[in-house]
Number of protein chains: 2
Amino acid sequence: MMKAHILYVEDDQSLSFVTRDNLELQGYQLTCCHDGQEALAVISGADFLFDLCILDVMLPHVDGYTLASEIRRRDPAVPIIFLTAKSLKEDRIQGLKLGADDYLTKPFSMEELQLKIEIFLRRRHVVSDPLPALTKLGTLVFDHENLLLQDARGDERRLTQKEADLLRYLLEHKNQVVRRSTILEELWGEDDYFLGRSLDVFISRLRKYVRPDNRLRIDTIHGVGFQLVCPD
Amino acid sequence: MMKAHILYVEDDQSLSFVTRDNLELQGYQLTCCHDGQEALAVISGADFLFDLCILDVMLPHVDGYTLASEIRRRDPAVPIIFLTAKSLKEDRIQGLKLGADDYLTKPFSMEELQLKIEIFLRRRHVVSDPLPALTKLGTLVFDHENLLLQDARGDERRLTQKEADLLRYLLEHKNQVVRRSTILEELWGEDDYFLGRSLDVFISRLRKYVRPDNRLRIDTIHGVGFQLVCPD
DNA sequence: CGGCGGTGTTAATGTGCTGTTAACAGTTGT
DNA sequence: ACAACTGTTAACAGCACATTAACACCGCCG
């Protein structure tokens, strides 16, 4: 299985250092941030979805709760563990309501953190997924189930079924050349001149939709078909 | 949708009563035991798997830890929440190592327990939402059991069974796109043109009913279905 | 370089899907 | 039998979307 990718947001540098060391030693791939804004930028800019987030509640600029709901907006399923100095019941409840999956009170033991991380990661691929299957497309988040395409700023665009199907098809064959005729057979069921022109119209629209991430392109392979080009 | 089946093992009868009442009100199906042996018998005898287990650590005859590993032997994936009087770090860590997924220290608040239950059930998708008799829908209160919808001013509207079923279905999938065909299959049992038009009539009515709260919308996803949009 | 077929893009078009109201039919209770 | 209530069908208006049209452009072939 892939190394689990963990986002860790903590403004206390010395604690952050220790924790990072420990978790990396456990074989996790860590991305550390020191304030909420940085974290948001990292999430928006990443080409992948994190497997788990560990957030300090007290952060400069953007507090942990706000950060958590921003993260949830982009990936409703990712487990979030809050770190907090307070251990008041009301704070815990507030945090759980706002989307935390678990709570750890500072000072915490590394062992306990590791155990809690394992608990959530263990379940990561067991999920039978009625939660929308989200796909990262560069910095965009594509939700085929809900026909939604979200850009790095969090703006959502609603797609039609055909648009979503075509985008998914290209995504399933990203960085590969797909033939016009294959797409038409696959998504339209037949292949004639006019449906071909229809396909062109759709490609044109998708190009507009993916423009927010300028590393994404849909290349034309003249006389053959198209190729969705994207990093990773 | 299936009610979530929860095993609750607790030897303190008065606490057990309160908790049971609360959780059943939330729409969970509870099986209560008062010691470890009874719990083991129940698990062995049941012809279904529990969706979640809540175990007191201090139990007569068989302690919570032993019980937990027995449960795990039968169902390695079921989430287990421990209830404990102690809140020592060593105890928590010990518990987590032995297969607990979360820990709650007595005395605990019912709200926190409910939230923690939800966190684990959500991930298993046993129930995307438990179906409490009363559900808040923005400022409205929806009582599916009694077919009542109450607005912010306290005015009550009586719903028909189908209206209530449809509203509940949308609520169970709020902020998700639900397909016409799925709704029809689920609530009407079949999917043809006329039933589809019937569905439109019902959606039209529900739109009227939820208008008192202008943050609530039922969006049409052309050619696909509907989406109940509501805050939180 | 010149032509032709393939493609990009925008706008117009028409079909099918949806919103809504009202009539209708079936059921229940009186 | 009647009234009240519920779900379905009808009818018509309105809209969204896939398709078609139109025109500009490009790249490959001679």
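Everything quoted here is computed from the prediction, not taken from an experiment. First the proteins, then the strands, lettered A, B, ... as listed; each starts at 1.
At a threshold of 4.0 angstrom between heavy atoms, the contacts of B:Arg158 with the nucleic acid are absent. A:Thr220 comes within 4.0 angstrom of the backbone, heavy atoms only, and of no base. If you check every strand for non-hydrogen atoms under 4.0 Å, A:Arg207 touches sugar and phosphate atoms only. Backbone-only engagement by A:Thr160 is indicated by non-hydrogen atom pairs under 4.0 Å involving sugar-phosphate atoms exclusively. Counting non-hydrogen atoms under 4.0 angstrom, B:Leu195 reaches the backbone sugars and phosphates but no base.
Rounded to whole angstrom, the span from the CG atom of A:Leu166 across to the P atom of D:dC17 amounts to 16 Å. Here the P atom of nucleotide C:dT7 and the CD1 atom of A:Ile203 are 11 Å apart, to the nearest Å. For the pair B:Phe202 CZ and D:dT6 C1', the computed distance is 7 Å after rounding to whole Å. Atom CD in B:Glu163 sits roughly 9 Å away from atom C1' in D:dT6 (whole-Å rounding). Here D:dA18 presents its C1' atom at 14 Å from CZ of A:Phe194, a figure rounded to the nearest Å.
Side-chain contact annotation: B:Arg207 with B:Thr220, donor-acceptor N/O pair under 3.5 Å present. Side-chain N/O atoms of A:Thr84 and A:Arg92 include no donor and acceptor closer than 3.5 Å. In this model, no donor atom of one side chain and acceptor atom of the other lie less than 3.5 Å apart for B:Ser181 and B:Asp191. Side-chain atoms of B:Tyr8 and B:Thr19 form a donor-acceptor pair, as typed in the model, at a separation below 3.5 Å. In this model, no donor atom of one side chain and acceptor atom of the other lie less than 3.5 Å apart for B:Gln26 and B:Asn22. A donor atom on one side chain and an acceptor atom on the other are not found under 3.5 Å apart for B:His34 and B:Asp12.
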- Task: Sugar-phosphate means primed atoms, P, OP1 and OP2; the rest is base. With that split, encode nucleotides 22-30 of chain C 5' to 3' as B, S or - using protein heavy atoms under 4.0 Å.
- Result: ---------
- Task: Let me see the working for A:Asp102 and A:Phe120 under side chain to side chain contact (heavy atoms under 4.5 Å, CB included), right down to the final yes or no.
- Result: CA-CA 9 Å; A:Asp102 207 344; A:Phe120 288 105; 3.8 Å; yes
- Message: Would B:Phe202 and B:Trp188 count as a ring pair (Phe, Tyr, Trp, His ring centres under 6.0 Å) here? Give the steps.
- Response: CA-CA 12 Å; B:Phe202 277 90; B:Trp188 271 266; 5.8 Å; yes
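In the helix from C:dC1-D:dG30 to C:dT30-D:dA1, the end axes, each obtained as the rotation axis mapping the C1' atoms of four pairs onto the next four within a five-pair block, lie 30° apart to the nearest 10 degrees.
Taking A:Val229 as the reference, A:Asn175, A:Arg217, A:Asp219, A:Gln227 meet the side-chain contact (heavy atoms from CB on, under 4.5 Å) condition, with sequence neighbours excluded.
Checked against D:dA18, D:dC17, D:dG27, the side chain of A:His222 finds its nearest nucleotide in D:dG27. Distance from the side chain of A:Arg197 is smallest for D:dC23 among the nucleotides C:dT20, C:dG16, D:dC23.
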